[in-house]
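Report on one structure; see the data block that follows.
Each ligand, and each atom within it, is numbered from 1 in the order the structure gives. Predicted model only: the values in this text are computed from it and were never measured.
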Amino acid sequence: MLVVQKYGGTSVRDVERIKNVAKRAIEYKGRGMDVIIVVSAMSGETDRLLNLAHEAAKFPDEREVDVLISTGEQVTSALLAITLREMGHKAVSLLADQIRIISDSSYGTARIASIEEEKIRGALKEGNIIVVPGFQGVDRDGNITTLGRGGSDTTAVALAAALRADLCEIYTDVDGVYTTDPNICDKARRLDKISYDEMLEMASLGAKVLQIRSVELAQKYNVPIMVKSSLMEGKGTLVCKEEMIVMEKVVISGVTYNKNEVKITINRVPDKPGIASRIFSSLSDANIVVDMIVQNVSHDNYNDITFTVVKADAKKAFKITEEIGKEISAKVAMDEDIAKVSIVGIGMRSHAGIASKMFTILAGEGINIELISTSEIKISCVIESKYGELAVRALHKHFGLDAEDVREES
Ligand code: ASP
Ligand code: MG
């Protein structure tokens with residue numbers, strides 16, 4: 001049996017915590033399992049290194065930035081291997097270059113193309129616990145690359161897929177995936193299981209437990225991921241394919257909340273072909289990702305177009321839109337006081353009336369809905385930001401997610 005375990009930054013924050021990681025690995029090994037451990041950098045380290053690069057240059061060279069920020073993970077892998085050996089176990093750290101975690105050459109956001117099995121298999125056969133620094137790859141010319149923030153999750157899933165591991169455990173500082181943010185709703189509860197699709201929606205809506213790419217990869221290669229806390233014992237949350245989830249009565253798995261977007265509206269846009277295309281091409285040319293887009297039906301050959309972007313892009317997006325607005329004599333307005341609340345659940349595919357229930361719950365709290373968007377398993381509403389947390393709690397309650405309303409699966 002082969003297990004891949006990944007430990008996030010808080011789990012390897014200092015040598016004391018690294019010792020805990022080593023103990024768990026030895027315990028698994030004692031139960032007859034082969035163990036590969038993927039580690040993140042110590043918490044805060046990647047940010048620290050990035051700041052240094054930006055102190056050195058306004059636009060630091062991307063290749064060199066990857067050489068720099070990949071070192072955080074090398075430090076923790078070496079420390080873990082040293083600790084394991086000190087505890088009397090065979091262990092070896094293997095860097096991306098040594099096991100040939102080959103990626104493309106997009107520095108900072110590289111994608112893994114392949115992983116060579118032989119070296120790892122050989123080291124496992126010799127009885128080693130293998131420690132791999134997460135987040136790093138190497139391109140075909142031997143340049144060091146990194147896989148994007150949070151990329152150690154992806155390293156772990158890629159290794160589990162390439163080696164057909166029996167188990168992929170991701171240890172973090174929370175004990176699983178929650179129905180909603182416990183900081184907002186004290187009735188939030190840990191989910192026993194969640195499907196890949198739901199996890200992807202939740203992650204793209206802001207749940208920060210797993211890197212989105214790691215979930216996509218896990219889904220593609222059907223690697224079940226167990227999300228657990230390294231700091232306390234607990235059952236964790238299994239992220240897996242839909243078929244493994246026994247559908248309970250609940251249709252909704254989670255409620256998410258995002259205060260990080262602004263709404264931009266162009267009023268009275270002439271209703272003729274090409275204008276939406278111009279607006280959104282200009283935004284994408286400026287590398288601005290647009291989230292929701294709503295265009296209403298036209299009245300006397302004019303219509304309004306509203307969209308949302310993240311706050312960091314607000315100014316740039318407003319400026320671009322205003323320029324186009326001027327040319328077509330349309331007025332542009334921006335609203336920063338918004339929150340997006342969403343409900344996510346695969347049960348929506350087979351249950352009617354979920355949207356209307358959501359709107360009724362919000363109406364019951366006197367909350368006005370400004371924008372709505374839906375996907376197959378998600379409904380999002382933009383509301384005034386001051387009602388955001390209230391909306392989350394109301395939806396959580398009325399969709400039956402509150403802790404006391406649901407019996408845990410045993
Ligand atoms: N250390 C990297 C980061 O902070 C990768 C990771 O922790 O997964 O983004
Ligand atoms: Mg992380």
Side-chain angles (χ1 to χ4, degrees), residues 4-15 17-18 20-21 36-54 60 62-81 93-97 99 101 103-104 106-112 115 130-139 143-162 168-174 176-177 199-200 202-204 206-218 223 225-231 239 312:
V4 176
Q5 298 183 329
K6 180 257 169 178
Y7 290 88
T10 46
S11 310
V12 292
R13 173 179 86 181
D14 50 36
V15 171
R17 294 236 169 130
I18 290 177
N20 286 336
V21 172
I36 299 173
I37 303 183
V38 175
V39 285
S40 281
M42 290 180 181
S43 49
E45 178 65 4
T46 310
D47 286 333
R48 188 184 74 87
L49 294 167
L50 274 170
N51 287 340
L52 286 176
H54 285 99
E62 290 181 324
R63 178 186 181 279
E64 301 308 329
V65 168
D66 276 3
V67 173
L68 176 71
I69 62 177
S70 60
T71 60
E73 272 74 8
Q74 275 177 226
V75 169
T76 46
S77 11
L79 282 173
L80 178 56
S93 67
L94 293 172
L95 309 185
D97 185 36
I99 44 178
I101 300 182
S103 75
D104 61 24
S106 329
Y107 298 115
T109 55
R111 279 178 185 273
I112 296 177
I115 295 179
I130 296 181
V131 187
V132 177
F135 186 47
Q136 64 171 248
V138 61
D139 75 5
N143 300 301
I144 294 176
T145 60
T146 64
L147 309 178
R149 299 309 302 268
S152 299
D153 294 342
T154 298
T155 306
V157 173
L159 279 166
C168 180
E169 296 179 328
I170 306 250
Y171 286 91
T172 170
D173 51 1
V174 291
V177 180
M199 192 67 237
L200 284 170
M202 304 256 283
S204 61
K208 282 184 217 75
V209 196
L210 292 173
Q211 197 203 28
I212 291 179
R213 233 183 232 183
S214 72
V215 183
E216 288 168 351
L217 202 63
V223 178
I225 304 173
M226 194 68 189
V227 180
K228 281 181 154 182
S229 163
S230 64
L231 310 173
V239 186

Side chain to side chain contact (heavy atoms under 4.5 Å, CB included) between Ile101 and Gln136, intermediate numbers included: CA-CA 8 Å; Ile101 300 182; Gln136 64 171 248; over 6 Å; no
Verdict with reasoning, Arg213 to Arg111, per side chain to side chain contact (heavy atoms under 4.5 Å, CB included): CA-CA 9 Å; Arg213 233 183 232 183; Arg111 279 178 185 273; 3.5 Å; yes
Verdict with reasoning, Ile225 to Met199, per side chain to side chain contact (heavy atoms under 4.5 Å, CB included): CA-CA 11 Å; Ile225 304 173; Met199 192 67 237; over 6 Å; no
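Heavy-atom proximity to Ser40, at under 4.0 Å, picks out these atoms of ligand 1: 6 (C), 7 (O), 8 (O). For ligand 1, the atoms lying closer than 4.0 Å to a non-hydrogen atom of Gly150 are 3 (C), 5 (C), 6 (C), 8 (O), 9 (O). Taking a cut-off of under 4.0 Å to the non-hydrogen atoms of Ser152, the atoms of ligand 1 that pass are 5 (C), 6 (C), 7 (O), 8 (O). Near Thr46, the atoms of ligand 1 lying under 4.0 angstrom from a non-hydrogen atom of the residue are 1 (N), 2 (C), 3 (C), 4 (O).
Gly9 does not count as a contact of ligand 1, since none of its heavy atoms falls under 4.0 Å from the ligand. Ligand 1 lies nowhere less than 4.0 angstrom from a heavy atom belonging to Gly134.
In this structure, the side-chain hydrogen bond (donor to acceptor under 3.5 Å, both in side chains) partners of Glu169, at least two apart in sequence or on a different chain, are Gln5, Tyr28, Tyr171.
Residue pairs satisfying the salt bridge (charged side-chain N to carboxylate O under 4.0 Å, His left out) criterion with at least one member in residues 39-48, sequence neighbours excluded, are listed as follows: Glu45-Arg48, Asp47-Arg149.
When the heavy-atom distances from atom 4 (O) of ligand 1 to Gln136, Gln211, Arg149, Lys6 are ranked, the shortest goes to Arg149.
Only the side chain of Glu73 comes within 4.0 Å of ligand 1, judged by heavy-atom distances.
Partner of Tyr107 under the side chain to side chain contact (heavy atoms under 4.5 Å, CB included) criterion, chosen from Val65, Asn143, Thr146, Val67: Asn143.
Considering backbone and side-chain N/O of Gly148, none are found under 3.5 Å from N/O of ligand 1.
The OG1 atom of Thr154 sits 9.0 Å away from atom CG of Leu210, with the distance rounded to the nearest 0.5 Å.
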